Amino acid sequence: MEPNKVQSEGGLNVTLTIRLLMHGKEVGSIIGKKGETVKKMREESGARINISEGNCPERIVTITGPTDAIFKAFAMIAYKFEEDIINSMSNSPATSKPPVTLRLVVPASQCGSLIGKGGSKIKEMRESTGAQVQVAGDMLPNSTERAVTISGTPEAIIQCVKQICVVMLEAYTIQGQYAIPHPDQLTKLHQLAMQQTPFTPLGQTTPAFPGLDASPPASTHELTIPNDLIGCIIGRQGTKINEIRQMSGAQIKIANAMEGSSERQITITGTPANISLAQYLINARFRDVAAMWNDPSSMTTS
């Protein structure tokens with residue numbers, strides 16, 4: 001692999017893995033005739049989709065990639081399941097359409113963050129997305145993981161998965177340990193990368209999704225970044241900042257440099273979930289750059 005290739009093509013390089021538990025029939029639907037459906041999903045989403053081998057009734061489907069690729073893959077799976085429901089209904093007398101249901105496999109250690117204090121987080125997810133979310137009380141057989149069942153319309157499921165990704169990213173940020181050399185600039189990078197951005201409560205807001213009329217009340221968050229580090233957030237010709245805008249769904253404005261000031265103000269506007277994801281992606285960008293400084297072999301020689 002060429003040095004820095006991941007950096008340039010993977011954009012922010014925030015990679016997540018999410019696993020689903022599926023019945024054989026559901027797996028067959030995702031694979032499609034001669035594997036055509038899963039091939040199309042891989043190509044169009046950009047995510048890696050692996051399906052566990054074996055004839056057991058339950059199979060694990062692993063989806064890995066940058067957050068936006070994961071959202072696309074989930075959207076495609078949710079819409080495929082909805083299509084299956086519609087097709088099965090055309091042959092049955094049922095009139096009300098049952099919801100699409102997906103079962104995520106989540107480490108038990110992260111279930112607390114998903115549930116929140118006194119169930120507050122899971123309640124917010126249900127209210128803000130319209131999806132039903134349930135975390136199994138017992139762990140899955142022979143594992144340290146639990147099933148998280150999400151059901152609703154494909155749109156509600158996608159919004160719910162986005163919020164679950166934000167919670168998981170938060171958990172990764174807190175656990176992340178990075179050793180970085182100590183010149184001034186790298187120390188600043190390190191401090192910025194290690195800033196914990198607490199997940200803002202979502203309250204009653206409905207995350208924006210194409211096709212939904214409700215426009216949620218936007219909130220604003222401000223960050224202060226040293227001038228000499230602003231370039232790694234903006235990227236060449238604004239590529240990085242545009243990626244962060246696109247992936248988080250937040251509006252991000254960078255103030256012009258003030259004379260005599262060594263810092264720049266960044267204003268992030270959007271739903272609390274958008275803002276939290278944007279903050280995470282900005283911190284991840286600092287970590288990527290800091291890691292490159294720490295490992296000269298990962299940098300291209302100019």
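Everything numeric in this text was worked out from a predicted model, so none of it was measured.
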So, for Val133 and Cys160, which heavy atoms are closest and what is the spacing to 0.1 Å?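 Closest approach of Val133 to Cys160: CG2-SG, 3.4 Å.
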Partners of Arg126 by side-chain hydrogen bond (donor to acceptor under 3.5 Å, both in side chains), sequence neighbours excluded?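 Scan of Arg126 (side-chain hydrogen bond (donor to acceptor under 3.5 Å, both in side chains), adjacent residues dropped) gives none.
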side-chain contact (heavy atoms from CB on, under 4.5 Å) against [X], all qualifying residues, sequence neighbours excluded:
| X | result |
| --- | --- |
| Thr64 | Thr15, Thr17, Arg48, Thr62 |
| Ala255 | Gln265 |
| Gln246 | none |
| Ala47 | Ser45, Ile63, Ala69, Ala73 |

Under 3.5 Å, sequence neighbours excluded: what are the donor-acceptor pairs made by side chains of residues 31-44?
residue : atom : partner : partner atom : Å
Arg42   : NE   : Ile49   : O            : 2.9
Arg42   : NH2  : Ile49   : O            : 2.6

Same apolar cluster: Met139 and Ile115, side chain cutoff 4.5 Å: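 No, Met139 and Ile115 fall in different hydrophobic clusters.
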Are Met258 and Leu229 joined in one hydrophobic group, where the rule is that I, L, V, M, F, W and Y side chains link up if heavy atoms are under 4.5 Å apart? no
Are Thr129 and Gln163 close enough that a side-chain donor and a side-chain acceptor fall under 3.5 Å? no
Is Arg285 salt-bridged to Glu243, going by a charged N under 4.0 Å from an acidic O?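 Looking at Arg285 and Glu243, the cut-off is not met.
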If you define the side chain from C-beta out and look only at heavy atoms, does anything of [X] sit under 4.5 Å from [Y]?
| X | Y | value |
| --- | --- | --- |
| Arg103 | His23 | yes |
| Glu58 | Met22 | no |
| Leu104 | Leu20 | yes |
| Thr267 | Glu222 | yes |

With salt bridge (Lys or Arg N to Asp or Glu O under 4.0 Å) as the rule and sequence neighbours excluded, what pairs involving [range] come up?
| range | result |
| --- | --- |
| residues 19-31 | Arg19-Glu145 |
| residues 262-281 | none |
| residues 76-89 | Lys80-Asp84, Glu82-Lys97 |

Roughly how far, to the nearest 0.5 Å, is the [atom2] atom of [Y] from the [atom1] atom of [X]?
| X | Y | atom1 | atom2 | result |
| --- | --- | --- | --- | --- |
| Ile241 | Ile282 | CD1 | CD1 | 5.5 Å |
| Ile164 | Ser113 | CD1 | OG | 12.0 Å |
| Ile252 | Ile244 | CD1 | CD1 | 5.5 Å |

Looking at Ile157, Thr153, Ile77, Ile150, which hits side-chain contact (heavy atoms from CB on, under 4.5 Å) with Val100? Ile157
Got a sec, which hydrophobics cluster with Leu21, joining ILVMFWY side chains under 4.5 Å apart, including via others? Ile60, Val105, Leu140
